[in-house]
Student: 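Sharing a structure with you now.
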Amino acid sequence: MARLLLALIFSLIAIGIVRAHRVPITILETAVAKGAVCLDGSPPAYAHSPGYGDGIDNWSVYIQGGAWCQNVDECLARTRTIYGSSTVTFKGFAGKKNFDGLYEDNSAVNPDFYNWNTVHIFYCDGSSFMSDVDKVDPAVNLTYRGARIYNAVMDELLRLGMGNAKNALLSGGSAGGLATILHCDKFKTLFADTTRVKCLSDSGFFIHGEHFVGADWRENIFSNVISTHGLTNLLPASCTSKVNPNLCLFPEYLVQDVKTPLFLIESSFDQYQIANHVFRDVTPRWHDCTSDLTLCNSNEITTMKDFRNTFLSTFTNTVADSSSRIGYFVHTCYIHGHIFDKAFSTCSASVGHNVLDNKSIAQAVGDWYFDRSEFEHMDIFNDLPRNCSFTDWPTLLEMCMAHEKS
Ligand SMILES: *[C@@H]1O[C@H](CO)[C@@H](O)[C@H](O)[C@H]1NC(C)=O
Ligand SMILES: *[C@@H]1O[C@H](CO)[C@@H](O)[C@H](O)[C@H]1NC(C)=O
Ligand SMILES: *[C@@H]1O[C@H](CO)[C@@H](O)[C@H](O)[C@H]1NC(C)=O
Ligand SMILES: *[C@@H]1O[C@H](CO)[C@@H](O)[C@H](O)[C@H]1NC(C)=O
């Protein structure tokens, strides 16, 4: 018992050490004068970990995700969470954010970016940083200003020296991955032509899949976001000129027109989309199955396989139509979000999970970013969702660190 306890304490310390990169959160008060505020009117927040050594002029900027609010009630509910108020964010994280995965200052798990300037932009507008409504909704005091937040934080990063960057990477996960696709070309304009600028969208490819069950529901989600946040005239004209503007938050209508190099990390069994974007009315059965794959029956597995087929055909067609070359890592682990967690960006590869072309996500991204090699791989062999989580996290971490160091 005592030995077990000691082992446990030791493991916790080990996790504490490797996860110790904690970065102070800055509340950007100066943004308020520009009207760049969260849903509740509080200033936006970010965390910046300065670069050092030969990473001093390289910048990696991550946009946080967290779905969207689809109506006034949902947006109002968000003001009491980190997704609608920097006041709540600051308190919730006790003033500091853990930087993990591709943002961690540990060269063992993050060899390509560990000493870069790294920035985490907190998501508090509910519109993937797209909204820009002048008027505050007087009935509820909600402000829809995501695009202004994006601009105000970029101004601040330029003030901190980002304009001198030799290398820059805009990335984001989930709703932040979608924001990355939407803002990528605009991000590029912040830099000199000689700067290497690329974008990395993690689990941001939310499919429309018009012939797959739930298409109406998926259209509804985004058209509600678009109307609640007044986005119709703010969406890319390259999309709104060719399809119904209400479809213009679906990456399958956006990615083709992104000119800046873009990398997409996806699961063809994306956990969030399968759980939330297939059925509007989620039954207890579907909820149980999507929370624990061992509880799925054969019909449910068939629905998941159909999702994957739709995902892969949508993705493949989009990439084929793209004006610039798209890098991608599309696997079959049943997860959502990778790069802000070393378990999925790096470590799960050391136990053979989530490897494509013998590379972890971190290696694939590094090779692509630095032009060491292209990376365009998808797992077309596994047609079942794989549970790639690892119960023994401390052991995995140890293996991972040892693997990466060797
Ligand atoms: C940062 O950018 C410079 C200029 O391109 C490059 O020489 C250096 O290797 C980069 N540092 C890292 C850690 O990637
Ligand atoms: C909105 O904010 C104003 C100014 O802070 C306040 O006077 C008013 O009561 C608020 N309205 C609601 C509905 O919360
Ligand atoms: C994956 O496996 C782990 C460990 O057995 C389990 O705790 C978790 O619930 C599983 N996840 C899913 C979605 O089935
Ligand atoms: C896979 O990569 C590892 C190092 O990351 C290397 O040692 C091994 O030879 C590679 N295997 C194949 C089949 O390429």
Side-chain angles (χ1 to χ4, degrees), residues 32 37-42 49-61 72-73 75-77 79-80 84-85 87 102-118 135-144 161-169 171 191-198 200 267 269-276 282 285-297 300-301 304 307 331-337 341 343-344 348 351 353-354 362-363 365-372 384-396:
V32 178
V37 292
C38 301
L39 285 165
D40 72 336
S42 60
S49 173
Y52 58 92
D54 71 353
I56 198 147
D57 283 330
N58 301 339
W59 286 72
S60 169
V61 179
V72 169
D73 287 343
C75 291
L76 204 53
T79 62
R80 294 184 285 278
S85 168
T87 317
L102 292 188
Y103 308 88
E104 184 168 339
D105 67 351
N106 183 331
S107 59
V109 291
N110 186 23
D112 284 313
F113 307 102
Y114 72 97
N115 62 359
W116 285 35
N117 288 275
T118 42
K135 201 159 162 281
V136 179
D137 181 343
V140 283
N141 280 352
L142 282 173
T143 21
Y144 301 100
M162 188 174 73
N164 301 324
K166 301 286 188 296
N167 289 293
L169 175 63
S171 60
F191 303 94
D193 287 346
T194 49
T195 307
R196 179 193 277 128
V197 184
K198 298 191 177 187
L200 170 61
S267 168
F269 289 106
D270 183 277
Q271 183 170 17
Y272 181 86
Q273 294 190 59
I274 287 176
N276 301 290
V282 174
R285 261 225 63 94
W286 186 247
H287 175 266
D288 289 350
C289 152
T290 56
S291 323
D292 179 349
L293 292 171
T294 62
L295 300 178
C296 300
N297 65 28
E300 289 158 346
I301 291 294
M304 290 196 185
F307 175 88
H331 59 88
T332 46
C333 291
Y334 180 68
I335 48 175
H336 178 74
D341 188 340
F344 296 115
S348 69
V351 286
H353 291 160
N354 229 357
Q363 287 168 323
V365 169
D367 285 353
W368 161 82
Y369 183 83
F370 288 105
D371 303 305
R372 295 191 289 251
L384 287 173
R386 301 189 302 136
N387 182 345
C388 297
S389 65
F390 203 81
T391 34
D392 190 356
W393 171 233
T395 305
L396 172 62

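Just so you know, ligand 1 is whichever comes first in the structure, and atom 1 is the first atom listed for that ligand.
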Student: Ligand 1 versus F370, non-hydrogen atoms closer than 4.0 Å: side chain, backbone, both, neither?
Tutor: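 For F370, only side-chain atoms sit under 4.0 Å from ligand 1.
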Student: Please list the nearest protein heavy atom to atom 4 (C) of ligand 1 with its residue and the distance rounded to 0.1 Å.
Tutor: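 Checked against all protein heavy atoms, atom 4 (C) of ligand 1 sits closest to K166 CB, 3.5 Å.
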Student: State the atoms of ligand 1, each with its element, that fall below the 4.0 Å cut-off from a heavy-atom position in W116.
Tutor: 12 (C), 13 (C), 14 (O)
Student: Can you find a protein heavy atom under 4.0 Å from atom 14 (O) of ligand 2?
Tutor: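 So atom 14 (O) of ligand 2 has protein heavy-atom neighbours under 4.0 Å.
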Student: Would you mind running through ligand 3 and noting each atom that sits below 4.0 Å from a heavy atom of Y334?
Tutor: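 This gives 13 (C) as the contact atoms.
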Student: What residue and heavy atom of the protein are closest to atom 5 (O) of ligand 3, and at what distance?
Tutor: T391 CG2, 4.0 Å
Student: Just need the protein heavy atom nearest to atom 9 (O) of ligand 1, so name the residue and atom and give the distance.
Tutor: D54 OD2, 3.8 Å
Student: How does F113 reach ligand 1, if at all, at less than 4.0 Å between non-hydrogen atoms: by side chain, backbone, both, or neither?
Tutor: neither
Student: Between the candidates D112, T194, N167, which shows the shortest non-hydrogen contact distance to atom 3 (C) of ligand 1?
Tutor: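 It is N167 that holds the nearest heavy atom.
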Student: Please say whether N115 places an N or O atom under 3.5 Å from an N or O atom belonging to ligand 1.
Tutor: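 The answer is no, given that N115 and ligand 1 share no N or O pair closer than 3.5 Å.
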Student: Looking at atom 7 (O) of ligand 3, would you say a protein heavy atom lies below 4.0 Å from it?
Tutor: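 Protein heavy atom within 4.0 Å of atom 7 (O) of ligand 3: absent.
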Student: By number and element, which atoms of ligand 2 are closer than 4.0 Å to a non-hydrogen atom of N141?
Tutor: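 Atoms satisfying the 4.0 Å criterion: 1 (C), 2 (O), 3 (C), 8 (C), 10 (C), 11 (N), 12 (C), 14 (O).
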Student: For V72 and V140, which heavy atoms make the closest approach, and how far apart are they?
Tutor: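 Shortest heavy-atom contact: CG1-CG2, 3.9 Å.
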Student: Please answer whether the main-chain N or O of L295 pairs with a side-chain N or O of R285 as donor and acceptor at a distance below 3.5 Å.
Tutor: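 Indeed, once roles are kept as given, a pair shorter than 3.5 Å links the two residues.
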Student: Which of the atoms of ligand 3 are close to D292, meaning less than 4.0 Å from one of its heavy atoms?
Tutor: 12 (C), 14 (O)
Student: Going by distance only, is there an N or O of N387 that falls short of 3.5 Å from an N or O of ligand 3?
Tutor: yes
Student: From the options D54, N58, N110, select the one residue that forms a side-chain hydrogen bond (donor to acceptor under 3.5 Å, both in side chains) with N115.
Tutor: D54
Student: Is a side-chain donor or acceptor of T195 paired with a backbone partner of V197 at a separation under 3.5 angstrom?
Tutor: no
Student: Protein heavy atoms near atom 1 (C) of ligand 2, is at least one of them under 4.0 angstrom away?
Tutor: yes
Student: By number and element, which atoms of ligand 2 are closer than 4.0 Å to a non-hydrogen atom of A139?
Tutor: 13 (C)
